[in-house]
Student: 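Can you read through this structure? Questions will come right after.
Given the structure is predicted, the values throughout are model-derived calculations rather than measurements.
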Amino acid sequence: MDEIIDTFDQFNKARLKPNHEVSQWYMHIEDLRKQVEYFAQNITQEKIVFLGDGDGVSIMLAIELSKIQSSVKEICVFDIDERELNLYNFLANKFNVKEKIKFSTVHYNVFDKLPENFIGYFDFFYINPPYSYTTEPVGLGFSLWLERCIELTTKLATGCIVYPVSHKPIDVTKVGEYIFDYLNENNFNIISQPEITHHYGESECISKNIIVRKSENTKSHYFQKPFHKNILKKLYHYSTNPPHLIFDDKTEFGKPTFYSE
């Protein structure tokens with residue numbers, strides 16, 4: 001356990017400055033550790049995709065799974081922020097993750113079409129998307145991320161959805177209703193709701209997990225189509241469009257001190 005805690009401490013020191021323009025609010029390191037431990041103990045799928053992962057669940061899970069016997073053979077992270085992807089690849093090499101698990105990253109914006117070679121490829125997905133409290137409908141970010149995961153995964157794939165249960169002073173009731181209605185309308189089965197809570201930086205948000213499974217009748221409404229970019233502003237709650245992709249410019253801001261080791 002001391003080795004695991006030390007790894008999380010190292011990761012916490014290496015974390016990048018969050019970019020709130022694309023809803024980067026990082027999960028507290030203690031909650032991240034609980035999240036990773038839960039999946040390390042319970043995941044039975046072989047190929048996992050993270051659609052966005054500012055928290056670092058993907059790389060910390062890969063590090064943990066590389067130390068134990070696991071069914072997981074592959075973890076892939078799609079993210080808008082190249083800085084995070086570079087950090088995760090660096091850590092994967094530092095901790096020899098790739099000797100046990102195929103760990104890869106894709107620099108990607110959810111508004112774009114997915115690469116053809118990943119369609120229907122994964123059997124487990126993980127999302128903790130922006131929940132778009134000011135869009136119409138409220139919660140639009142959740143459905144866009146979920147639609148891409150429908151495309152990315154096999155017919156009866158399972159997945160984890162991280163969703164808000166509290167966010168002072170915002171009322172998240174409508175977001176929760178939208179999420180569960182959308183899951184029902186798209187023929188997802190809710191498997192479990194683990195009793196794990198997450199907190200984020202200085203944010204007043206608290207979230208939990210839903211574990212779901214696709215059914216034979218779960219279909220994507222946007223199969224291999226880009227989303228309309230005119231919803232981008234409202235999706236992230238800001239009046240100006242954030243960058244389409246965030247690149248690592250190799251400056252001190254974009255490159256954490258952890259790289260210098």
Student: Think Arg33 forms a cation-pi with Tyr38, using NZ or CZ under 6.0 Å from the six-ring centre and within 45 degrees of its axis?
Tutor: no
Student: Among side-chain atoms of Asp55 and Gln35, is any donor-acceptor pair under 3.5 angstrom?
Tutor: no
Student: Please report the interatomic distance OH(Tyr200) to OH(Tyr26), rounded to the nearest 0.5 Å.
Tutor: 13.0 Å
Student: To the nearest 0.5 angstrom, please state how far the CD1 atom of Ile68 sits from the NZ atom of Lys100.
Tutor: 8.0 Å
Student: Residues in side-chain contact (heavy atoms from CB on, under 4.5 Å) with Phe180, at least two apart?
Tutor: Tyr163, Ile190, Gln193, Ile210
Student: Ile43: which residues meet the side-chain contact (heavy atoms from CB on, under 4.5 Å) condition with it, sequence neighbours left out?
Tutor: Gln45, Ile48, Val72, Phe124
Student: If you round to the nearest 0.5 Å, how far is NE2 of His28 from NE2 of His199?
Tutor: 7.5 Å
Student: Determine whether Glu177 and Lys174 satisfy the following criterion, salt bridge (Lys or Arg N to Asp or Glu O under 4.0 Å), listing intermediate values before the conclusion.
Tutor: CA-CA 5 Å; Glu177 291 174 352; Lys174 289 184 177 179; over 6 Å; no
Student: Establish, from distance only, whether the side-chain atoms of Thr173 and Asp171 form a donor-acceptor pair under 3.5 Å.
Tutor: yes
Student: Going by ring-ring contact (aromatic ring centres under 6.0 Å, His included), Phe122 matches just one of Phe125, Phe118, Tyr126. Which one?
Tutor: Phe118
Student: Enter the distance from Cys76:SG to Leu152:CG here, rounded to the nearest 0.5 Å.
Tutor: 8.5 Å
Student: Around Lys102, counting heavy atoms of other residues, nucleotides and ligands shown, do more than 12 lie under 6.0 Å from its NZ?
Tutor: no
Student: Checking Gln10 against Asp6: is there a side-chain donor and acceptor pair closer than 3.5 Å?
Tutor: yes
Student: Would you kindly say whether Ser71 and Glu46 are connected by a side-chain donor-acceptor distance under 3.5 Å?
Tutor: no
